[in-house]
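For ligands, and for the atoms within them, numbers begin at 1 and follow the listed sequence.
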Amino acid sequence: MSETFTSVPQEGAGLRDRERLSFDLDTDICVVGAGLAGLSIALEAARLGASVAVLEGRQVGWNASGNQLGTVMPGFALPLTDLIERIGFEDARELWMLSKEGAEFVRANATEENMPGIGPSDGVLEVSNIDAGDRLISRLQMLNEDFDTEVEGWQAERVRDVLKTDRYFHGVYYPKAFQVDGRKYVHGLAALARRAGARIFEDTPVVSIDHSGIRKRIVTPSARLRASHIVLAGNVHLGAPLKRLSETLLPVWRYAGITAPLGERLHEVIAFKGSVMDSDGIDHFRIVEGDRLLWESPETTWAASPERFAGAVRRRIRTIFPELGNVEITQMFGGATGQTVHGMPQIGQLRKGLWVVSGFGRQGMNTSAMAGQMIARSILWGDERWKLFSPFELVWAGGATGRVAGQLVGMWGRASSAATGSLARYRERARARDRDREARLAQANRAAGTGPRRPPPGVEPRPTSRLTPAAHDAEQAMEPVSHDAGVSR
Ligand SMILES: Cc1cc2nc3c(=O)[nH]c(=O)nc-3n(C[C@H](O)[C@H](O)[C@H](O)COP(=O)(O)OP(=O)(O)OC[C@H]3O[C@@H](n4cnc5c(N)ncnc54)[C@H](O)[C@@H]3O)c2cc1C
């Protein structure tokens, strides 16, 4: 086999040439996509001794993975109560534990030694836009007692001590959640994977695959690969190799901005050091570089230039923290996340040797790490825990119509949440503080971790939903795909 290297300069990095695949190659595992998911698999599989080639159509982390905030939480984009309702308490607990393992994978890799400048720091605060502290009590108990996740309930006063806004009410503090420089992490992961022996080829789009035989064939514009396993980690851009698979994801573009240095006034308004996210998924922010604010907010279901949303980020900051006034936004960035219809990632084996790892939505740090570790172990050790994801089958996301509908649903959700928020603030001004509720909250906090284990909530799992006729058509068109897992018929 002859090898010819074609290199083009690495955009942005400048330090390393990009290697494009221009020779035929045989490997154990071929991973399509060098985002967080693909690189996590490559790293784990290479560490376990497999020969791995990652094929990336553009460059490492060019999409969401290299343009994200780096907040690492346990759990999934789908809220925990919905997860329990969908698959039952025991399986939900197992999935939650896996999601925590994903976070630990990130923590173990994202050290200053492995990734200089990655800057890990602890503590994430999830704040509520509405005054519904009663619901918080059962959530705290469930997380602490049943899901082994350390959390603290913060009363509204405590939240407002560290965040000078009347927009937020109570909060859930995750002392063991953490954040890293999200934009550096994906490149750090690529470096670790290379060091472990994985080969990463950029500017190498996969244009077709033949997954029928034991040795599968992968075609790129200038070379062919043969591999025993193909892992599709292309997220919403997968395209040609398995178009119908891409159509099971709703692309949602998310945008973030960084302000100019804001000086001491920033710390007077925001005294919390970690990441803050609101319970509706509208705002997500933290202080970076001493006195700048990193703020993620708007989202769209169409691709747009992030710069267009600088005004929206500025307005959002002013709305939440009026004392900061009109801040200057010096940089905007963003990327497309893949959202599934059911809100859970697509993780599993479509047919023997053909794996999918996608659809992490806005919580991809821990979940893609978990999926990467698990799928590598499935391939090499026969770990079968990925079958826990089987209830979350591939459901057609609706093509163009579904994408527009998705935007409308998202807008409706936000508008209704904003209205509820206003009402809550009005009520708050109009009545005396509910001391009884706060006392119960404090009591629940004290009891958490020490009290007897509660029996599982006893929510019956819902039967696995059937595909809609449109989804069924789409899935049929995705043949040949066996019912090995992850795809229901
Ligand atoms: C603004 C923003 C902030 C975020 N903040 C957080 C956060 O704080 N915490 C968190 O947990 N998550 C966050 N997320 C979500 C997280 O970034 C994503 O869930 C995650 O990056 C998805 O990773 P991925 O590898 O599945 O997809 P991608 O990053 O899209 O990577 C897929 C790669 O596959 C390549 N590819 C696709 N098709 C092909 C093909 N045919 N051939 C070759 N290559 C192909 C693409 O070019 C791409 O590079 C954020 C996202 C955004 C946009």
Side-chain angles (χ1 to χ4, degrees), residues 21 30-42 53-77 99 102-103 106 124 177-183 185-186 189-190 200-209 218-221 230-243 245-246 249 251-258 275-277 281 284-286 294-300 306 309 313 332-340 345-347 356-372:
L21 184 69
C30 170
V31 180
V32 183
L36 290 176
L39 292 169
S40 301
I41 293 166
V54 181
L55 306 184
E56 165 55 49
R58 301 203 190 185
Q59 72 234 36
V60 165
W62 76 276
N63 183 37
S65 298
N67 291 292
Q68 45 96 13
L69 270 61
T71 305
V72 188
M73 303 270 293
F76 299 87
S99 83
V106 178
V124 174
F178 59 101
Q179 45 270 311
V180 296
D181 183 326
R183 299 169 75 191
Y185 179 69
V186 73
L189 210 50
I200 302 172
F201 300 97
E202 298 171 276
D203 298 314
T204 303
V206 172
V207 291
S208 71
I209 55 177
I218 301 102
V219 179
T220 77
I230 301 177
V231 185
L232 302 169
N235 197 13
V236 291
H237 296 101
L238 181 66
L242 214 49
K243 194 152 177 16
L245 185 59
S246 298
L249 290 177
V252 176
W253 280 261
R254 303 181 66 82
Y255 308 94
I258 302 178
S275 296
V276 179
M277 48 183 68
H284 173 193
F285 57 88
R286 73 170 179 272
L294 170 62
W295 192 287
E296 179 199 350
S297 194
E299 61 179 45
T300 59
F309 297 98
V313 170
M332 287 292 302
F333 59 90
T337 58
Q339 214 154 289
T340 58
Q346 301 171 333
I347 298 174
V356 59
V357 182
S358 268
F360 298 102
R362 49 180 233 255
Q363 194 164 340
M365 283 291 283
N366 68 316
T367 50
S368 66
M370 174 266 296

Whether Thr204 side chain and Leu21 backbone form a donor-acceptor pair below 3.5 Å
yes
The side-chain contact (heavy atoms from CB on, under 4.5 Å) partners of Ala53 (sequence neighbours excluded) come to Leu25, Thr27, Phe201, Leu225
Any donor-acceptor pair under 3.5 Å linking the side chain of Arg58 with the backbone of Asn63?
no
Within the side chain of Gln346, is there an N or O that forms a donor-acceptor pair under 3.5 Å with the backbone of Val356?
no
Which label fits His237 and Trp62: parallel for a plane angle under 30°, tilted from 30 to 60°, or perpendicular past 60°?
tilted
Heavy-atom cut-off of under 4.0 Å around ligand 1: list whichever protein residues fall inside it, by chain and number.
Val32, Gly33, Ala34, Gly35, Leu36, Ala37, Leu55, Glu56, Gly57, Trp62, Asn63, Ala64, Ser65, Asn67, Gln68, Leu69, Gly70, Thr71, Thr204, Pro205, Val206, Ala233, Gly234, Asn235, His237, Leu238, Pro241, Arg254, His284, Glu296, Gly335, Thr337, Phe360, Gly361, Arg362, Gln363, Gly364, Met365
Between the side chain of Asn366 and the main-chain N/O of Met73, is any donor-acceptor distance below 3.5 Å?
yes
